[in-house]
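Report on one structure; see the data block that follows.
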Amino acid sequence: MAFGDVTNDGRDDIFVAKGNVDQMPGLAMDDPNALMVQRGPSLWEEVTEAAGLVSFHRGRGAALVDLNGDGLLDVAVVNRRAPLEVWQNVSAPQGHWAGVELRQPGGNAFAIGAWIELRTAQGTHLREVTLGGGHAGGSALPEHFGLGDVDSAQLRITWPDGAQTGWQPVTLDAVQLIRRD
């Protein structure tokens with residue numbers, strides 16, 4: 001399972017890589033992946049087929065990541081007994097986005113365990129920097145924030161040891177590298 005804003009409308013969506021295991025024959029053997037796009041509070045639309053993401057392989061891990069740097073989240077799925085699947089998001093974005101990449105000195109160079117707060121006029125997005133999140137899935141790439149129709153944003157970092165930065169402006173429609181000095 002992976003969370004991210006595939007349309008950049010300011011609301012996170014859900015992608016689920018699915019597939020049965022050998023020990024449970026006959027149960028959900030043909031259960032395809034699922035992409036659920038959030039359309040509003042408590043309102044979700046299943047768009048897997050329309051997005052071209054239907055796969056009946058045995059998905060074991062998924063990542064929503066901007067693989068080509070165009071600001072749209074692409075989909076990667078690790079399968080069991082089948083090749084890796086990658087889909088490029090070619091949809092029209094519905095808003096702005098910001099990417100945030102953290103680096104710090106020492107053994108935890110990617111700042112795993114840090115929290116990123118990204119604030120806009122519409123509210124605050126909060127994301128923990130993690131690796132993994134599913135069986136055979138995860139990424140060490142910039143955190144992606146879909147922002148919708150905004151003209152500015154600010155961010156604040158809480159580093160893994162609890163130290164916190166002040167609020168600082170974010171460049172929209174780009175990846176911003178934040179280094180801890």
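These numbers come from a predicted model, not from an experiment.
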Quick one: does P160's side chain get under 4.5 Å of N108's, heavy atoms only? yes
Can you list everything that forms a side chain to side chain contact (heavy atoms under 4.5 Å, CB included) with D12? Sequence neighbours excluded, please. D5, R127
Other than L53, what residues sit in its cluster of Ile, Leu, Val, Met, Phe, Trp and Tyr side chains whose heavy atoms are under 4.5 Å apart, directly or through others? V6, F15, L35, V37, V47, L64, L73, V75, V77, W87
Residue set satisfying side chain to side chain contact (heavy atoms under 4.5 Å, CB included) with A50, at least two apart, ordered chain then number -> none
Output, in order, the C-alpha distance, side-chain angles, deciding distance and verdict of side chain to side chain donor-acceptor pair (under 3.5 Å) for N33 and H57. CA-CA 9 Å; N33 298 330; H57 295 300; over 6 Å; no
Only counting residues at least two apart or in another chain, list the ones meeting ring pair (Phe, Tyr, Trp, His ring centres under 6.0 Å) with H125. none
Can you sort out the partners of D149 under salt bridge (Lys or Arg N to Asp or Glu O under 4.0 Å), two or more places apart, ordered by chain and number? none
4.5 Å side-chain heavy-atom contact, E143 and L155: no
Considering residues at least two apart in sequence or located in another chain, which fulfil the side chain to side chain contact (heavy atoms under 4.5 Å, CB included) criterion with R103? E101, F110, L177, R179
Checking E128 now: which residues fulfil salt bridge (Lys or Arg N to Asp or Glu O under 4.0 Å) with it, not counting sequence neighbours? none
Enumerate the salt bridge (charged side-chain N to carboxylate O under 4.0 Å, His left out) contacts for residues 46-56, please, sequence neighbours excluded, ordered by first and then second residue. none
How would you list, by chain and number, every residue that makes a salt bridge (Lys or Arg N to Asp or Glu O under 4.0 Å) with D66, sequence neighbours excluded? none
Non-neighbouring partners of D9 that pass salt bridge (Lys or Arg N to Asp or Glu O under 4.0 Å), sequence neighbours left out: R11
For T165, give me all partners under side chain to side chain contact (heavy atoms under 4.5 Å, CB included), at least two apart in sequence or on another chain. R156, I157, W159, Q168
Pairwise side-chain contact, L118 with L147, heavy-atom cut-off 4.5 Å (strictly under): yes
Taking the hydrophobic residues Ile, Leu, Val, Met, Phe, Trp and Tyr, and joining any pair whose side-chain heavy atoms are under 4.5 Å apart, which ones share a cluster with W167? none
Heavy-atom distance under 4.5 Å between the side chains of I14 and M1, does that happen here? yes
Below 4.5 Å, heavy atoms only, C-beta onward: do W115 and V129 meet side chain to side chain? no
